[in-house]
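One structure below.
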Amino acid sequence: MRLCFLVEEHYRHDGMPLDVVRQLTAWGHRVDVLRPGDSLMAISESVRAGSHDAWVLKTVSGGPGLTLLEAAAAVGLTTVNDVRSIRGVRDKALAAVIARTRGLPVPVTYAAARWERLAEIPASEYPLVVKPADGSSGRAVRLVRTPDELLALGPLLAGEGLLIAQPYVPNSGTDLKVYCVDGELYATERCSPLHPGQGVRERQVPLPAEVARIAAQVGEVFGLDLYGVDVLLGPEGPVVVDINDFPSFRQVPDAVARVARAVLRLARTGTAVSAPAPALVHQPVDGLPVDALPVGGLPVPVPVPVSEAVRLPVQGAAARGGAVHGAAVHGTAVGGAAVGVGGVLGIGGTGFVNGAVGGAI
């Protein structure tokens, strides 16, 4: 197969996706790597139907790569992830509306084009986590404890465009990262960038059934095939605070080969995991990963008792844009009502900013 990877400068030395490129090449596939942030392209000639079996994007939010991917989709090329799905999670304000509408457990989010308008948020909502709506890699993310602190930090937020803010979700200081690779779910735990002093070692951990349901629903709602979800275990239950298309998949066993196989399958079929195959949850035993456990359907032989398996109901596949996008697993609607405060737009959804703010997950 012939594939094209769009890799921006921020990821030019990153193992994900460059190790995937090397793996695909070793398997005999032709892989072109374009660096949209540091190259000249005759775009009207380079992006054409039939040039590649699929285009794959690994870029920062707001970078030029997404425009190229959209161009590829416009001429009928398969994109990984679906380009509309990527846009839906990279615009955090848009993601807030989508998530809230579909009942994902997310915090209330405020949005303002000028940082001064954030001062209209009630003091009762503090502490806040504030960042650009198109932010990535921890750029300009701030934990703001009081209104006075917001005023002091304001000049640092100026010029960032649309900003989002949400009440900080109290938590243990660790982030639960859930990765989905071709319908298989893996959970890892690491220190939250907002609590760098915790000293938590990043490791694979068991995936609670409720969190697995939420992670599967994220894939359905946004139409993603390869993605990561950041979850905080707050006082009122799990809360989704970030969603990433094509994350790093750290701590996922044999991640490079798994992602490479997923890219090939998507290039061939243009679809997510086909129904009725269940989503899979991978659980570690004594710190070691084991074979997959089904989220739906019958258990498979694994080196753990069946009672330890996490099995979730599967309601078939959701058709989206001519492609089948994952199993529909529904969670519980959590989150506040929409609130408008002066010039600040309050969304009873998510800005995906609490907890996980640094780098790619």
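All residue numbers in this chain count up from 1 along the given sequence. Computed from a predicted model, the values in this text were never measured in an experiment.
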Under a 4.5 Å cut-off applied to non-hydrogen side-chain atoms, are D245 and R90 in contact? yes
May I ask you to decide whether R265 forms a salt bridge with D182, counting only side-chain N to carboxylate O separations under 4.0 Å? yes
Kindly indicate whether the side chain of P105, heavy atoms from C-beta on, has any atom under 4.5 Å from the side chain of I214. yes
Is the F246 ring parallel, tilted or perpendicular to the F5 ring (thresholds 30°, 60°)? perpendicular
Do S39 side-chain atoms and R35 backbone N/O form a donor-acceptor pair below 3.5 Å? yes
Closest non-hydrogen contact found for Y186 with Q204 is CD2-NE2, 3.8 Å
Taking atom types as modelled, find out whether Y110 and E125 have a side-chain donor-acceptor pair closer than 3.5 angstrom. yes
Does atom CZ (R87) have a neighbourhood of more than 12 heavy atoms from anything else shown, all under 6.0 Å? no
Could you state the interatomic distance from CD (E189) to OG (S192), rounded to the nearest 0.5 Å? 11.5 Å
Closest contact, heavy atoms only, K92 versus K131: CE-NZ, 4.2 Å
Got a donor-acceptor contact below 3.5 angstrom from the Y227 side chain to the A215 backbone? yes
Check: I86 and T79 side chains under 4.5 Å, non-hydrogen atoms: no
With the side chain counted from C-beta on, respond yes when K177 and T188 share a heavy-atom pair under 4.5 Å apart, and no when they do not. yes
Any side-chain heavy-atom pair from N81 and L226 closer than 4.5 angstrom? yes
Determine whether a donor-acceptor pair (N or O, by modelled atom type, separation under 3.5 Å) exists between the side chain of Q217 and the backbone of R102. yes
Give, for atom CG of L57 and atom OH of Y11, the distance between the pair rounded to the nearest 0.5 Å. 9.5 Å
Give, for atom CG of D91 and atom CG of L66, the distance between the pair rounded to the nearest 0.5 Å. 10.5 Å
Side-chain (R100) to main-chain (V106) donor-acceptor, under 3.5 angstrom: no
Does the side chain of L233 come within less than 4.5 Å of V211's, by heavy atoms? yes
Restricting to non-hydrogen atoms, name the atom on S51 and the atom on R2 that form the minimum distance, rounded to 0.1 Å. O-CD, 3.4 Å
Considering non-hydrogen atoms only, spot the tightest contact between L157 and V130 and give its length. CD1-CG1, 4.0 Å
Heavy atoms of M1 and H29 approach each other most closely as N-ND1, 3.0 Å
In Å, rounded to the nearest 0.5 Å, how long is the span from CG of D242 to CG of D175? 9.0 Å
Would you say the side chain of C4 lies within less than 4.5 Å of the side chain of L77, judging by non-hydrogen atoms? no
Out of curiosity, L104 CG to F222 CZ, how far, rounded to the nearest 0.5 Å? 6.5 Å
Close side-chain approach of L3 to H52, heavy-atom, < 4.5 Å: no
Looking at every heavy atom in both L162 and A113, which two are closest together, and how far apart are they? CD1-N, 3.8 Å
